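The structure presented is a predicted model; accordingly, all values stated were derived computationally and were not measured. Any value given below was found using the heavy atoms of this structure, including those in side chains, with hydrogens, waters and symmetry copies removed.
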Amino acid sequence: MQTNITEFFLMGFSDLSPPLQGTIFTFFLCAYIFTLVSNGLIILTISLESILQKPMYFFLRNLSVHELCFTTVTVPKLLQAFISKDLSAGRTISLIGCATQFFFFILAAACECIILTVMAFDRYMAICHPLRYMSVMTVSLCYQVTFGLSVFAVGNAIIECFLIFSLPYCGSHLVAHFFCDVPPMMSLACFETFFVKVCQLIVSVTATVIPTILIICSYIKILTSIFFLHSAESRYKAFSTCGSHLVSVVIFYGTAMFVHLRLDNPFSSYNDRMLALSYCVIIPTINPMIYSLKNKEMKTAIRKLSHKIIY
């Protein structure tokens, strides 16, 4: 790492008025607690209840793990900045700490892209090829796919981390964000970063655009199959099965691609921070509700587990 800077200062939301900062702190704290509890409950329930030992819930458990990573990598540092009496100490992060935060954030993002893609394929098999579903979506295949794609996600995170933190940071150490993300870190580099932006764009396209294309292809097949279903009840059931997944895909991919798939657009501190809230805080908070807590099998399993724990 060729840099003269050994630490950075995360500005977070320090430029906002104190009352608004207090509102944001309360929102972050409540969202983080809810994310920990709800996603932790989902992971525990799916791991312990036999009725949930299905491919769909296997991937849902992995999704919950990555949601926890998203918030745990970013939110606690921001909360520390809000409550720290020494604001400078609360917002300071070392170069190594910044790179570590960046690595695990990109890793969680890449894993979530992959899991959402695999979940689309899972829904495709369940709706378009129901008779072959159990023979194709075996437990061993789920583990093999998860392991192979996790290796890809780690490689993607290593490459992006190297691209960003091999830049020389010799000017300002003020990061106009609440965590070490690609646009604010690149804006602090001392020289023209077009080549690095192109390389980073290629890596991001591999991790986001290609999965998006695969998801779109899966849903074209799914919608075609649903169209030919004769029963209105069957069509409704199929749509309800896919609806929650589509909502998460649109929110997550829409904001992530808008922020990261840019070459010439200048970094906008306020806009990017607001967009980052969606995939760092809002999505991990609402996913348990739209995926699991409205699912009949999931609610039944949670009640059974709660009964076992209480009695």
Side-chain angles (χ1 to χ4, degrees), residues 23-49 51-76 78-79 105 108-109 111-123 126-127 178 211-212 215 218-219 222 235-256 258 274-310:
T23 302
I24 292 175
F25 170 77
T26 304
F27 169 72
F28 268 92
L29 180 61
C30 294
Y32 185 53
I33 292 173
F34 180 81
T35 299
L36 290 179
V37 173
S38 57
N39 282 289
L41 181 62
I42 289 169
I43 294 168
L44 184 65
T45 304
I46 293 175
S47 300
L48 297 180
E49 291 300 318
I51 63 171
L52 300 181
Q53 303 309 306
K54 303 175 182 179
M56 180 178 73
Y57 296 109
F58 173 85
F59 295 121
L60 181 58
R61 179 177 58 188
N62 285 328
L63 182 66
S64 291
V65 171
H66 299 134
E67 303 286 23
L68 289 178
C69 291
F70 259 126
T71 52
T72 302
V73 165
T74 57
V75 175
L78 179 61
L79 295 176
F105 175 79
C111 285
E112 181 140 350
C113 288
I114 291 167
I115 290 297
L116 289 172
T117 306
V118 176
M119 289 175 75
F121 176 74
D122 175 74
R123 293 300 84 205
I127 294 173
F178 59 89
T212 301
I215 291 173
S218 296
Y219 271 101
I222 289 171
R235 287 196 293 269
Y236 174 78
K237 185 177 180 180
F239 274 121
S240 63
T241 301
C242 302
S244 56
H245 179 259
L246 274 174
V247 171
S248 292
V249 167
V250 171
I251 297 174
F252 178 80
Y253 277 96
T255 54
F258 182 82
M274 293 301 106
L275 286 170
L277 284 177
S278 65
Y279 52 80
C280 290
V281 180
I282 296 174
I283 293 177
T285 302
I286 65 174
N287 267 352
M289 293 184 286
I290 64 176
Y291 266 117
S292 305
L293 303 182
K294 289 187 177 181
N295 181 291
K296 290 184 179 179
E297 284 186 320
M298 195 72 196
K299 286 192 291 187
T300 301
I302 290 174
R303 282 196 294 267
K304 286 179 59 178
L305 182 62
S306 301
H307 183 80
K308 290 178 183 178
I309 294 174
I310 295 173

Nearest heavy-atom approach of Cys113 to Thr117 is O-OG1, 2.8 Å
Kindly compute the distance separating OG (Ser64) from CG (Leu44), expressed to the nearest 0.5 Å. 11.5 Å
Minimum heavy-atom separation for Glu297 and Ile51, please, with both atom names. O-CD1, 4.0 Å
Spatial distance of atom CD1 (Ile302) from atom CG (Leu41) [nearest 0.5 Å]: 4.5 Å
Between Glu67 (side chain) and Asn62 (backbone), is there a donor-acceptor pair under 3.5 Å? no
Distance check, rounded to the nearest 0.5 Å: Cys30 atom SG versus Phe25 atom CZ? 9.0 Å
As an exercise, state the distance from OG of Ser38 to CD1 of Ile43, rounded to the nearest 0.5 Å. 9.5 Å
Heavy atoms only: give me the nearest Gln53-Ile46 pair and the separation to one decimal. NE2-O, 2.7 Å
Identify the residue among Val281, Leu78, Leu79 that makes a side chain to side chain contact (heavy atoms under 4.5 Å, CB included) with Phe178. Leu78
Does Ile114 reach the side chain of His66, with side-chain heavy atoms less than 4.5 Å apart? no
Do you know which two heavy atoms are closest between Leu52 and Ala301, and how far apart they sit? CD1-CB, 3.5 Å
Measure across Phe105 and Thr74 and return the closest heavy-atom pair with its distance rounded to 0.1 Å. CD1-CG2, 4.0 Å
Side chains of Ser47 and Arg61: any donor to acceptor distance under 3.5 Å? yes
Heavy-atom check, side chain of Met289 versus side chain of Ile286, under 4.5 Å: yes
Residue pair Thr72 / Leu36, side-chain heavy-atom distance below 4.5 Å: yes
When every non-hydrogen atom of Leu68 is compared with those of Gly40, the smallest separation belongs to CD1-N, 4.5 Å
Separation between CG of Leu305 and OG1 of Thr300, rounded to the nearest 0.5 Å: 12.5 Å
Mind checking whether Thr23 and Phe27 have side chains closer than 4.5 Å, heavy atoms only? no
Which distance, rounded to the nearest 0.5 Å, do you find between the OG1 of Thr45 and the CZ of Arg303? 11.5 Å
